[in-house]
Amino acid sequence: MKGSATHLSCDSLGMALHVHWWLLGCHVVSFIACITIHSTSTLPPDLPTPSPPSSAHSWNLFGRPGDGYYTSVEVGTPSQKFNVLVDTGSSNFAIAAVMQKELDSYFEAKNSSSFVDLEKEVEVGYTQGSWSGRLGKDVVLFPALQAGTTPYLMDLVLITSSHNFYVNNSQWQGIVGLAFPVLAKPQGAVQPWIDEVILRDNLTNAFTLELCGPSREAGPSSHYGRLTLGSGSGSCSPVAVSCPIRRKWFYEVVVTALSLQGKEVSIPCIKFNTDKTIVDSGTSNLRLPPEVFKAVMKELKLQASGGMNPPLPEGFWSGNEEACWPESSKLWMNFPNLTIHLATGNHSAITITVGPRSYLRPAPDSVSTSLLDCWVLGIEESQTGTVLGAVILEGLCVTFDRAQGVITFSESTCGPLVTLSETHNTEDMSVCMYTPKRVGALTLASYIMGGLLGFLSLPLVLAALRCSSKEGWWPLLLLPNLWLRMVAHPVAAQPVVKDGGPSCCCPACGEGWWPHLLLPNM
């Protein structure tokens, strides 16, 4: 037993030595690895990649300041690739189908085996620009979106002519409208892309836009963002404020006040909403009705010009001229914060406060250097009401809940600083709502009928005037009865033309026709 016991102990000793050397080797390797990790961690970290959107964030909107946000799309079989402007101010999906001087590519329907020509002409106008084209159907795919990535046969318009629609070097060749179906042209004949995708993919009837503005890494010449379909809100803050969609055509809201650095612009609130106020991602600037624009510009110049020497050129305030200053300049401090109040009820509102880094946009095509950046004013005059464009939306997550009829705003993790709050007011904010004057159907019909009968009565009036010159003025008093006879017997009641002119008789009445007019039932 001892002998076997001695033999076992030697074997155990040998095994222990092997384990010891193996563990020692592991410790050496671990020690070297630790030294390596420690030494590399003391080096300065690599700078972030210059391109603004990383795949981890799933950014799918891009563009240049002032030119809108676009996303990629594939159309046809085989697919042809394009970029389309993402627009909450319209409802049609349209793509360029002929070469234009502002474009570098266009959709060629003849090369798509899945294209169907619906043989309907379409015209669509915007606050700026318009286009016309031909309605059709083809397979459409938006590859960068988390939803809507299944190719479907969709309604689309092939744009064959346009006016002030495309933008030079904007890199987009079409538009996808995200507003309600009532705006889609031709009315009743088109299912908007957003409605089609929500229906087919069984999504919540909502979408979220997160517009970030220019990227610090890529500089002021490009911007980025994200479009999320359905109920997902991306990386948006759970703290949010909402306002109702007043009417489901555009995304119409009601502005109750506008203030600059806390000072309200003194103007009746209904002026803000004449003829409407909409939230429109396809518009770059804050656009204001003429009277509102003049009042806002007066106050903005008054507050901003105090500490500027020399003063900014007059063309800057009209949006026609850029101004340049160093990024670190204290000139930023001269510009006031701008606050917009949106009604949530008759006595409540939410506020969106943006700084000058929101409503001053990087100047397009300007030569910015490491010393100077150039800017243009992102506020302009409008003839179609108030438009809350990208300069108000950047820095926010905006959820358009079409099912519930509300728009929800929350602060984004990207873009300029924007502050949201809720307010309560004892004043009745319903007075801010603009209601267009409409002529009722019966009133309109009566106007048309009256005009038509007036036109048909013209020969009778001329005949009566001729007769009155011969028999005195009293026959004119009998015209109403003759008019009634004309309605009942339009041919029989016409004056007879004799010797080149109308006589004072008619076939139904005989030569002495005036007494008969006293008998309405004849």
Side-chain angles (χ1 to χ4, degrees), residues 61 63-71 84-94 124-131 164-167 170 172 174-185 192-194 206-213 223 225-227 243-255 258 272-289 292-293 319 338 340 342-343 350 352 354 358-359 361 378-402 405-409 415 418 434:
L61 302 179
R64 302 194 322 159
D67 293 348
Y69 288 79
Y70 63 77
T71 191
V84 288
L85 178 72
V86 173
D87 181 31
T88 62
S90 66
S91 299
N92 280 89
F93 173 54
V124 174
Y126 303 88
T127 54
Q128 294 175 303
S130 62
W131 54 254
N164 292 337
F165 176 65
Y166 301 110
V167 180
S170 65
W172 50 262
I175 187 169
V176 56
L178 304 180
F180 291 98
V182 68
L183 292 184
K185 302 289 181 67
W193 171 81
I194 182 74
F207 65 90
T208 299
L209 279 179
E210 185 178 7
L211 306 184
C212 300
H223 58 203
R226 175 171 33 232
L227 168 63
C243 70
I245 299 171
R246 187 188 174 206
R247 289 183 291 173
K248 292 185 176 182
W249 56 325
F250 296 96
Y251 293 101
E252 183 180 0
V253 295
V254 177
V255 175
L258 190 151
F272 294 109
N273 306 296
T274 305
D275 58 346
K276 60 185 176 296
T277 295
I278 64 173
V279 180
D280 183 8
S281 65
T283 297
S284 296
N285 292 342
L286 169 63
R287 308 189 76 229
L288 301 171
V292 178
F293 175 75
L338 184 150
I340 294 174
L342 300 179
I350 62 173
I352 302 174
V354 301
S358 291
Y359 64 79
R361 292 193 293 102
I379 306 174
E380 63 181 337
E381 186 175 330
S382 166
Q383 301 299 324
T384 56
T386 296
V387 181
L388 306 181
V391 297
I392 301 299
L393 306 181
E394 288 173 347
L396 292 173
C397 287
V398 186
T399 298
F400 297 80
D401 191 333
R402 296 148 57 91
V406 298
I407 301 176
T408 300
F409 302 88
V418 182
Y434 173 79

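Bear in mind that the values here come from a model prediction, so they are computed numbers and not experimental data.
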Stepwise salt bridge (Lys or Arg N to Asp or Glu O under 4.0 Å) test for Glu252 and Arg247: CA-CA 6 Å; Glu252 183 180 0; Arg247 289 183 291 173; 2.8 Å; yes
Spacing of [atom1] belonging to [X] relative to [atom2] belonging to [Y], to within rounding of 0.5 Å:
X	Y	atom1	atom2	value
Thr386	Phe293	OG1	CZ	12.0 Å
Leu396	Phe409	CG	CZ	7.0 Å
Asn92	Trp193	CG	CH2	14.0 Å
Thr384	Gln128	OG1	CD	9.0 Å
Leu85	Ser281	CG	OG	7.0 Å
Thr71	Arg226	OG1	CZ	12.0 Å

Report yes if the side chains of [X] and [Y] come closer than 4.5 Å at any heavy-atom pair, otherwise no.
X	Y	value
Tyr70	Val84	no
Asn273	Arg246	no
Asp401	Thr408	no

Return the minimal non-hydrogen interatomic distance between [X] and [Y], and the atom names on each side.
X	Y	value
Cys212	Gly225	SG-CA, 4.2 Å
Gly378	Arg361	CA-NE, 4.3 Å
Lys248	Val182	O-CG1, 3.7 Å
Ala343	Cys243	O-CB, 3.6 Å
Gly68	His223	O-NE2, 3.0 Å
Ser130	Gly125	CB-CA, 3.9 Å

Can you tell me which residue among [options] is in a side chain to side chain contact (heavy atoms under 4.5 Å, CB included) with [X]?
X	options	result
Ile379	Ile392, Leu338, Val391	Leu338
Val253	Ile350, Ile245, Leu388	Leu388
Tyr69	Leu209, Asp87, Leu211, Leu227	Leu211
Ile340	Thr277, Leu286, Val354	Leu286

State whether the side chain of [X] and the backbone N or O of [Y] hold a donor-acceptor pair below 3.5 Å, judged by distance alone.
X	Y	answer
Asp280	Gly389	no
Ser91	Gly177	no
Asn285	Arg287	no
Ser284	Gly66	yes

Inter- and intrachain pairs under salt bridge (charged side-chain N to carboxylate O under 4.0 Å, His left out), touching residues 386-395, at least two apart: none
No-hydrogen, no-angle side-chain donor-acceptor test under 3.5 Å, Tyr126 and Trp131: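 Tyr126 vs Trp131: donor-acceptor pair found between side chains.
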Stepwise side-chain contact (heavy atoms from CB on, under 4.5 Å) test for Leu178 and Phe400: CA-CA 10 Å; Leu178 304 180; Phe400 297 80; over 6 Å; no
Parallel, tilted or perpendicular: ring planes of Phe207 versus Tyr251, cut at 30 and 60 degrees: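 The rings of Phe207 and Tyr251 stand perpendicular, inter-plane angle above 60°.
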